[in-house]
Number of protein chains: 2
Amino acid sequence: MLEINDAFNSDHNHDHCVSGALDNAKVICQESGQRLTPIRELVLRLVWSSHKPLGAYELLPALADAGFNSAPPTVYRALDFLHQLGLIHKIGSLNAFVGCSNPEHPHPSAFMICRECKTAAEIETSELQESFNRVANTHGFQLEEENIELLGLCSDCRGSES
Amino acid sequence: MLEINDAFNSDHNHDHCVSGALDNAKVICQESGQRLTPIRELVLRLVWSSHKPLGAYELLPALADAGFNSAPPTVYRALDFLHQLGLIHKIGSLNAFVGCSNPEHPHPSAFMICRECKTAAEIETSELQESFNRVANTHGFQLEEENIELLGLCSDCRGSES
DNA sequence: AAATGTATTGTTATAATATAACAATAATTG
DNA sequence: CAATTATTGTTATATTATAACAATACATTT
């Protein structure tokens with residue numbers, strides 16, 4: 001299992017994250033016959049403005065600034081759309097959303113999340129699937145979705161603890 | 001990894017679950033010098049009324065019936081107390097709480113959760129810890145807490161799908 | 001291009017979840 | 001018993017999310 005983005009490296013080229021996410025989104029929308037409308041693209045950009053999960057209401061001012069309607073349903077609809085296509089993940093314990101680093105192929109939501117700086121680094125969990133499938137099969141459970149959250153302190157924030 | 005309670009077996013003796021949970025709570029409170037007050041005990045009983053996670057507001061009517069104050073802070077305080085002692089887990093994706101089947105030793109929150117009947121069966125994840133520790137160590141992440149949710153359809157609900 | 005149906009967005013209202021702040025009471029300690 | 005701490009009561013409000021319906025934009029067929 002490896003980290004699949006550079007979220008915890010503050011020197012990474014984040015423009016590259018954003019442009020990659022946008023490129024992925026366009027391809028995935030194309031392939032699935034969905035439209036990446038201006039609102040949806042903006043919401044995706046906003047979610048990708050950092051690797052810190054953002055709550056729906058934190059996006060509203062930027063929607064207003066861009067001249068869009070900024071009532072809650074607008075942003076929730078866009079978030080739902082992006083979530084259904086696997087372009088973003090929801091972090092349940094934070095009620096917040098973060099970009100998916102690898103949306104080309106559907107996969108579970110799995111993150112290390114720093115309680116101090118809130119940064120969420122996506123992790124790859126294919127090596128866990130055998131265990132999950134085993135427990136599910138043992139109990140006749142049809143596994144459809146997974147949410148995995150590893151909470152703690154990132155390297156940077158460990159160093160600067162009081 | 002094995003299921004550690006009989007949540008998905010509707011024939012299980014649930015009184016045994018409840019009495020075990022209460023016994024555990026008393027021991028753990030004793031050992032940690034905390035008080036299992038009447039409100040706290042009632043909230044624990046209510047959370048344990050089934051294996052379906054309950055939202056905080058679902059507990060309020062029963063608190064009122066029992067003659068207690070039933071404003072939100074009352075139940076959230078009790079839930080926070082029980083959560084801190086590891087007597088209940090919070091299911092982030094449901095904003096709901098469920099009893100912990102094995103609170104004697106602290107451990108991560110890990111459940112299979114049926115999207116149809118909402119039953120949550122706790123699972124034991126010690127075999128995953130090596131993977132989690134490895135990814136955390138690789139990135140200097142200090143792992144403090146885990147939330148693992150396996151979402152899908154339980155055996156009973158698979159049978160009765162339309 | 002016009003007519004039709006579908007998808008998306010706008011708008012208002014409200015539901016559901018959670019916490020802040022301070023007062024009152026109960027339990028514990030010295 | 002007095003002083004301190006923990007717990008509970010109370011009011012108000014913050015935060016997160018959805019329902020319901022109207023208006024507009026887009027796509028498809030003719």
Side-chain angles (χ1 to χ4, degrees), chain A residues 25-26 28-30 32-47 52-85 87-98 115 118 147, chain B residues 25-26 28-44 46-47 52-85 87-98 115 118 147:
Chain A
K26 282 165 189 163
I28 287 167
C29 285
Q30 179 78 35
S32 61
Q34 299 294 116
R35 293 169 50 218
L36 190 65
T37 61
I39 289 181
R40 290 165 176 171
E41 178 173 335
L42 175 56
V43 168
L44 183 59
R45 282 183 184 281
L46 292 170
V47 167
K52 303 180 198 301
L54 289 177
Y57 280 73
E58 296 181 87
L59 308 175
L60 290 175
L63 280 177
D65 288 350
F68 294 107
N69 179 38
S70 69
T74 300
V75 69
Y76 278 104
R77 283 168 184 150
L79 290 168
D80 287 348
F81 173 87
L82 297 169
H83 191 240
Q84 276 170 33
L85 287 184
L87 297 169
I88 61 174
H89 293 292
K90 179 169 186 178
I91 307 296
S93 67
L94 300 177
N95 294 316
F97 301 84
V98 67
R115 66 166 154 82
K118 311 301 182 194
N147 293 321
Chain B
K26 282 165 188 165
I28 287 166
C29 284
Q30 179 78 37
E31 288 173 355
S32 60
Q34 299 295 115
R35 294 168 51 216
L36 191 66
T37 62
I39 289 181
R40 291 165 176 172
E41 179 173 335
L42 175 56
V43 169
L44 183 59
L46 292 170
V47 168
K52 304 181 198 302
L54 289 176
Y57 280 72
E58 296 181 86
L59 307 175
L60 290 175
L63 281 177
D65 289 350
F68 293 107
N69 179 38
S70 68
T74 299
V75 70
Y76 277 104
R77 283 167 184 153
L79 290 168
D80 287 347
F81 173 87
L82 297 168
H83 191 239
Q84 275 170 33
L85 287 184
L87 297 168
I88 61 175
H89 293 292
K90 178 167 187 177
I91 308 297
S93 67
L94 300 177
N95 293 316
F97 301 85
V98 67
R115 67 166 153 83
K118 312 301 182 192
N147 293 322

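In what follows, chains carry the letters A, B, and so on, assigned in the order in which the sequence lines appear, proteins first and then strands, with residues in each chain numbered from 1. Keep in mind it's a predicted model, so treat the numbers as computed, not measured. Side-chain atoms are counted along with the backbone in the values below, which use heavy atoms only and exclude waters and symmetry mates.
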When the distance from [atom1] of [X] to [atom2] of [N] is rounded to whole Å, what number comes out?
X: B:Gln84; N: D:dA6; atom1: CD; atom2: C1'; answer: 14 Å
X: B:Asp80; N: D:dT7; atom1: CG; atom2: P; answer: 13 Å
X: B:Leu85; N: D:dT7; atom1: CG; atom2: P; answer: 10 Å

Exercise. How would you list, by chain and number, every residue that makes a side chain to side chain donor-acceptor pair (under 3.5 Å) with A:Lys52, sequence neighbours excluded?
Worked result: A:Thr119
For this session: Tell me, with the steps shown, if A:Phe81 and A:Gln34 meet side-chain contact (heavy atoms from CB on, under 4.5 Å).
Result: CA-CA 9 Å; A:Phe81 173 87; A:Gln34 299 294 116; 3.4 Å; yes
Exercise. side-chain contact (heavy atoms from CB on, under 4.5 Å) between A:Leu63 and A:Val43: does it pass, once the steps are laid out?
Worked result: CA-CA 8 Å; A:Leu63 280 177; A:Val43 168; 4.2 Å; yes
Exercise. Which salt bridge (Lys or Arg N to Asp or Glu O under 4.0 Å) pairs, counting each pair once, include a residue from residues 32-41 of chain A, with sequence neighbours left out?
Worked result: A:Glu41-A:Arg45
Problem set entry | B:Thr74 (side chain) donor-acceptor with B:Ser70 (main chain) under 3.5 angstrom | no
Seminar exercise, completed: Once base and sugar-phosphate atoms are separated, protein heavy atoms under 4.0 Å mark nucleotides 4-17 of chain C, 5' to 3', with B, S and - as ----SBBBB----B
